[in-house]
Structure formats: structure tokens, C-alpha cells
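These notes are about the structure you will find just below.
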Amino acid sequence: MLLHHAAWPEVDAYLKHCKGIIIPIGSTEQHGPNGLVGTDAICPEVIAAEAGADSGFLVGPTFNVGIAQHHLGFAGSMTLRPSTMIAVLNDWIESLTRHGIDRIYFLNGHGGNITTINAAFAEFYANFSLDGAACPVKLKQRNWWELAGISDLSRELFPVGEGMHATASEISVTYYAHPSAIKSVEMTPKIAPVGGFTDAADYRRTFPDGRIGSDPSQATPEKGQRLVETAKRALIAEVSDFFGTRPLVQAAE
Ligand SMILES: [Zn+2]
């Protein structure tokens, strides 16, 4: 069930059975010449939406701008400062826990968010620890590409040129989610360079078209669909475990 498509009495009824919510969290940043700027938000959003539809678990709005200062050398990229993101995440968490939600599972689509999400969790838990109170809430983050079966499937689908940024897998997932946004672009070089970076100017110099190590011209919606189906099944199993609740709807096979 999508929070944005529910009326409050439906949310109220849900919370009598389950006190958990999934929050997709991503970024708004360049993803190379053929990748959507929304890629890191769209991937967890589509996986969570399909898992929510199959399982009945509540899926909240997508937290869709994250830590992307290093991408600001490319048109369209947006970022939060880490301190801003920690504050905003805590307001999201406190809004949800006010209603009795005690398990929040963040399905993350962007590696650059990981440390800041962990810092936001520490900020939330510190309120209880400093008061000498026991926190009734558990927070968890998980990268969608680390869900069971995904790395094996990515290796099978893209034995060469999966890469680290603007990966063939993530671009495939967005093409499955939004086929009207598919772009056909020749990659030069075929496989992008790899390496480290600091700020936006350094990133742009090192990775001129935005990709790192990938050849996303291999991306197709069919491959994206296989990735979403595998991720969705793994997500439902993990979330059931974390929430301590079986799916509210039995998925039709
Ligand atoms: Zn990405």
C-alpha cells in the first residue's frame, strides 16, 4: 500500500496490524549520457512499490534528493548538505513514529547516502540514550543492489561493463519503470574510467561524461524487469522479518 494513495482511515487500520513502513531513499544526480537524473530515487521507488502492492506493506514517499555534491558539475544534479539531510531525516522519522510506527526500513538507491543515513539514525537514537530511555523504534537501511540474488543476477546480465556509477543494472531498472524515458546513446569510451574523487570539479575532470566503470548502453527494460522481480521477492522476505509481521496480502505467483 502506498502512503500517498491511502486515506488516513486506511493508514489507521494498517497500523493495527503492522507498525512498519518502507521508505525508498535516493538521489537526484547525473547518471551518464543515457541515464535518468532520477535513477537512484526511481530504483528503490519501483522495487518498494511492487513489493508493497504484492505484500500489503506500507510504502512511504520517496526521499529523493540526497548527498550528491560530487555530481554538481553536471546539469540537473541537486544535493543536500549532510547536516541538512540528517535534520530532514529526523523530521521524517519523528513524524512517522508519532503515529506508532516502530520499524522504518529505508531502501537506499545511492551509495553516497549511506554514511549520512547512519549519522541520522545515530542522531535519532541519541535522543533516547541521552535521556536514559529505551528507544522502542528500530531503523534499518539497505541498498537495493545488495538484496539477495541481485549481485549474481547483475553479473549474469552484464558480465562486462556493469561498473560503479550509472551501472547497466540501475539504468535497466529505470528503463523498465519508465520506458518512455529510454535513451539510445553511443558510449565513448565503451567502458568508462574508474578511480576516486573529491568535489564536483574533481569528479567532472576524472569522469568527463559522468559514468564510472560502466557501459550502460547495454541497459534494457527486460533486464530491468528481471532485476525488479528478484529485488522485490528479497525485499518482502527481509521486511517481513524486520517488521515481525507476515505479508498482509499473499502474492499471486
Ligand atoms: Zn546511481
Side-chain angles (χ1 to χ4, degrees), residues 23-50 62-80 82 85 106-118 141-147 150-151 153-155 157-158 161-179 181-183 185 187 191-200 202-204 206-221 223-228 230-232 234-235:
I23 302 287
I25 184 165
S27 184
T28 297
E29 63 184 50
Q30 69 79 20
H31 269 75
N34 73 336
L36 281 55
V37 169
T39 295
D40 287 354
I42 292 165
C43 291
E45 183 171 76
V46 64
I47 295 162
E50 294 206 3
T62 302
F63 193 105
N64 59 16
V65 177
I67 304 299
Q69 61 80 19
H70 49 293
H71 291 293
L72 288 178
F74 297 87
S77 298
M78 298 169 67
T79 195
L80 297 175
M85 184 160 165
F106 288 88
L107 184 65
N108 182 38
H110 175 48
N113 285 345
I114 297 169
T115 52
T116 306
I117 295 172
N118 279 332
Q141 70 160 318
R142 185 78 156 143
N143 301 316
W144 73 263
W145 60 89
E146 289 176 347
L147 289 167
I150 292 295
S151 62
L153 181 54
S154 289
R155 255 193 307 276
L157 294 172
F158 307 108
E162 164 69 354
M164 296 83 174
H165 181 68
T167 67
S169 290
E170 63 180 343
I171 306 305
S172 294
V173 169
T174 64
Y175 284 3
Y176 161 67
H178 299 289
I182 293 174
K183 296 155 217 321
V185 180
M187 297 293 152
I191 308 253
V194 293
F197 54 83
T198 56
D199 66 349
D202 183 47
Y203 188 108
R204 178 88 201 221
T206 315
F207 310 106
D209 74 2
R211 297 173 293 146
I212 304 181
S214 67
D215 171 18
S217 66
Q218 307 174 80
T220 69
K223 291 172 179 171
Q225 182 170 18
R226 287 188 61 191
L227 287 158
V228 170
T230 299
K232 170 183 78 174
L235 178 62

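Order of appearance sets the numbers: ligands from 1, and atoms from 1 within every ligand.
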Practice item. Using side-chain contact (heavy atoms from CB on, under 4.5 Å) as the criterion, list what pairs up with T79, not counting sequence neighbours. Key: A68, Q69, L72

Practice item. Ignoring hydrogens and angles, state whether a donor on the side chain of H31 or D40 is under 3.5 Å from an acceptor on the partner side chain. Key: yes

Point to revise | Atom name of the N, O or S atom in E170 that lies nearest to the Zn ion (ligand 1) | key: OE1

Revision key, fill the gap. One should read off an interatomic distance between C43 SG and I171 CD1, to the nearest 0.5 angstrom, of 7.5 Å

Check your understanding: Below 2.8 Å, any N, O or S contact between C43 and the Zn ion (ligand 1)?
Key -> no

Practice item. Could I get the full list of side-chain contact (heavy atoms from CB on, under 4.5 Å) partners for V194, not counting sequence neighbours? Key: M164, I212

Review point. Of all N, O or S atoms in D40, which has the smallest distance to the Zn ion (ligand 1)?
Key: OD1

